[in-house]
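First comes the structure, then the notes that go with it.
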Amino acid sequence: MIGKDLERAAALLRAGKIVAIPTETVYGLGGNALDPGAVAEIFAVKQRPSFDPLIVHLGDPAEISHYAADFPASLQDLAAAFMPGPLTILLPKKNVIPDLVTAGSSRVALRVPGHPLTSQLLGMLDFPLAAPSANPFGYISPTRAAHVAQQLGERIPYILDGGPCQVGLESTIVGLEGGEITVFRKGGVSIEQIEAVVGAVQVKAHSSSNPQAPGMLKSHYAPRIPLVLGRVEDYLEKYGVDRLGSITFQHRIDQIPEAHQVCLSPAGDYKEAAQNLFAGMRRLDSLDLDLIVAELLPEKDLGRAINDRLRRAAA
Ligand code: TXA
Ligand code: MG
């Protein structure tokens, strides 16, 4: 069931149940982070391998000290700049966080979402919420309540509807590695924004060989229809104009039907492009097509995180 009833969502969560929650990035599949039973249910509903840890969502940055054993000053500066917001910080965990949440890692991923409904909900609860994106493992993340309902509606008792997600890409994950601030997953806070606060940072490329590292599984965010990176024009002859879908940044492809195209932002606005990415991928994936061809954006601003998602959708 979909609705805006905070009391109902809170009651279900207090009873150890799973509720889909809106955030500014993507919808999450939330449960009591301190209750291993609720956390196990999240893994089961999402069909997520237990080696892939969950982000813990807090109502207020002041709560970070309840769950993190240490909070280095450089990361505190990022928290001050971007929380609440699309930033997740990896910190050494306190024992109160169950090992199941962190997949056995000594670090916990903490985030303070910036969506008013979920902020209110977290304020009503006396525990934080573990929440992965509310999609079946490996599929495109949901940016509308209806996306969650389509795939997981039967498996969860309630979806809290907070409207379309304003950022549209998952949070940026940062932590320390070798004493340096490191971005482990590109996301809703751009590298440029982070570097404006703390100076140059390392950006970790993802690999499929080390699933303990965050957001790093290579094939992810993937539609059902095969997706390749490139120029639509190069595939027209082989596939035929009616069998192709396209994802472009600003321009339209004259040769293929309008309904088979996703133009992320005709005005060339990265924020708008990020908002439209996952919903556009889902729309194309619902059509009868043989191939989706996606064009990469310039490697700047949120274009870098969008390209990261497109590359993984193509992997
Ligand atoms: O924007 C977001 O971050 C969304 C919303 C719902 O908050 N959540 C999200 O969760 O994207 P999920 O589970 O789809 O992706 C979280 C990523 C995973 O790749 C996981 O490996 C990494 O964060 N992660 C979580 N906890 C970690 C930890 N303790 N150490 C390393 N990586 C961690
Ligand atoms: Mg996810």
Side-chain angles (χ1 to χ4, degrees), residues 18-31 33 39 42-43 45-58 67-69 82-94 97-115 117-119 121-122 128-143 147-148 151-152 159-160 162 165-177 182-189 204 206-208 210-222 274 278 305 308-309 312-313:
I18 305 306
V19 171
I21 54 168
T23 84
E24 75 279 42
T25 60
V26 300
Y27 276 74
L29 208 50
V39 175
I42 295 173
F43 279 101
V45 169
K46 190 172 160 96
Q47 292 170 278
R48 174 163 176 143
S50 58
F51 61 71
D52 197 2
L54 305 180
I55 294 174
V56 174
H57 297 69
L58 312 175
Y67 306 106
F82 302 115
M83 286 183 165
L87 182 77
T88 293
I89 303 185
L90 288 174
L91 292 169
K93 84 177 186 75
K94 283 192 172 168
I97 300 288
D99 287 333
L100 190 55
V101 170
T102 64
S105 165
S106 60
R107 289 203 289 188
V108 62
L110 298 173
R111 149 156 155 76
V112 181
H115 190 290
L117 263 192
T118 292
S119 298
L121 177 65
L122 286 163
L129 292 175
S133 52
N135 50 283
F137 184 68
Y139 194 67
I140 305 162
S141 301
T143 53
H147 295 164
V148 184
Q151 291 185 303
L152 299 175
I159 299 167
L160 189 61
C165 299
Q166 292 303 300
V167 174
L169 291 172
E170 296 82 353
S171 60
T172 302
I173 302 180
V174 297
L176 292 185
E177 194 175 81
T182 304
V183 172
F184 292 98
R185 177 176 71 182
K186 295 172 199 167
V189 179
K204 257 319 233 317
H206 36 74
S207 77
S208 48
N210 181 11
Q212 285 284 12
M216 302 258 257
L217 291 173
K218 203 162 173 241
S219 171
H220 221 105
Y221 314 105
F278 289 145
D308 169 82
R309 303 305 187 268
R312 284 198 264 179

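In each ligand, atom 1 is the first atom listed, and ligand 1 is the first ligand listed.
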>> Could you tell me if the side chain of Arg111 sits less than 4.5 Å from the side chain of Val56, heavy atoms only?
In response: no

> Of all heavy-atom pairs between Phe278 and Ser141, which one has the smallest distance, and what is that distance?
Replying inline: CB-O, 3.5 Å

> Under a 4.0 Å heavy-atom limit, does Arg107 contact ligand 1 with its side chain, its backbone, both, or neither?
Replying inline: backbone

>> Using a 4.0 Å cutoff against the non-hydrogen atoms of Thr25, which atoms of ligand 1 qualify?
In response: 1 (O), 2 (C), 4 (C), 5 (C)

>> Any side-chain to backbone donor/acceptor pair from Lys186 onto Ile173? Under 3.5 Å, distance only.
In response: no

>> Whether Glu177 and Lys204 form a salt bridge (side-chain N of Lys/Arg under 4.0 Å from carboxylate O of Asp/Glu) is what I want to check.
In response: yes

> Any idea which atoms of ligand 1 are less than 4.0 Å away from a heavy-atom of Arg111?
Replying inline: 1 (O), 2 (C), 3 (O), 5 (C), 7 (O)

>> Would you say the Mg ion (ligand 2) has Tyr221 as a near neighbour, meaning an N/O/S atom of that residue under 2.8 Å away?
In response: no

> Which atoms of ligand 1 have any heavy atom of Ile173 under 4.0 Å away?
Replying inline: 17 (C), 22 (C), 23 (O)

> Which atoms form the tightest heavy-atom contact between Ala109 and Thr88, and what is the distance?
Replying inline: CB-CG2, 3.6 Å

> Does an N or O anywhere in Thr23 fall below 3.5 Å from an N or O of ligand 1?
Replying inline: no

>> I'd like to check whether Glu170 has a polar contact with ligand 1, where a contact means an N/O of the residue lying under 3.5 Å from an N/O of the ligand.
In response: no

> If only atom types and distance count, is the side chain of Ser105 paired as donor or acceptor with the main-chain N or O of Arg107 below 3.5 Å?
Replying inline: yes

>> Would Ser171 count as being in polar contact with ligand 1, using the rule that some N or O on each side must be under 3.5 angstrom apart?
In response: yes

> Do we get Arg309 above Tyr221's six-membered ring, with its NZ or CZ under 6.0 Å from the centre and within 45° of the axis?
Replying inline: yes

>> Please determine whether any non-hydrogen atom of Arg185 lies less than 4.0 Å from an atom of ligand 1.
In response: yes

> Of all the atoms in ligand 1, which lie at a distance below 4.0 Å from a heavy atom belonging to Ala109?
Replying inline: 25 (C), 26 (N), 27 (C), 29 (N)

>> So for ligand 1, is His57 a polar contact partner (N or O within less than 3.5 Å, distance only)?
In response: yes

> Can you tell which part of Arg48 has a heavy atom less than 4.0 Å from ligand 1: side chain, backbone, both or neither?
Replying inline: side chain

> Is it the side chain, the backbone, both or neither of Leu90 that has a heavy atom closer than 4.0 Å to ligand 1?
Replying inline: side chain

>> Using a 4.0 Å cut-off to any heavy atom of Asp52, which atoms of ligand 1 qualify?
In response: 18 (C), 19 (O), 20 (C), 21 (O)

>> Tell me which one of Val189, Val26, Ile55, Leu87 satisfies side-chain contact (heavy atoms from CB on, under 4.5 Å) with Ser171.
In response: Ile55

>> Using a 4.0 Å cut-off to any heavy atom of Pro132, which atoms of ligand 1 qualify?
In response: 10 (O), 12 (P), 13 (O)

>> Between Asp99 and Lys93 (salt bridge meaning N to carboxylate O under 4.0 Å), is one present in this structure?
In response: yes

> Closest heavy-atom contact between Asp52 and Ala103?
Replying inline: N-CB, 4.2 Å

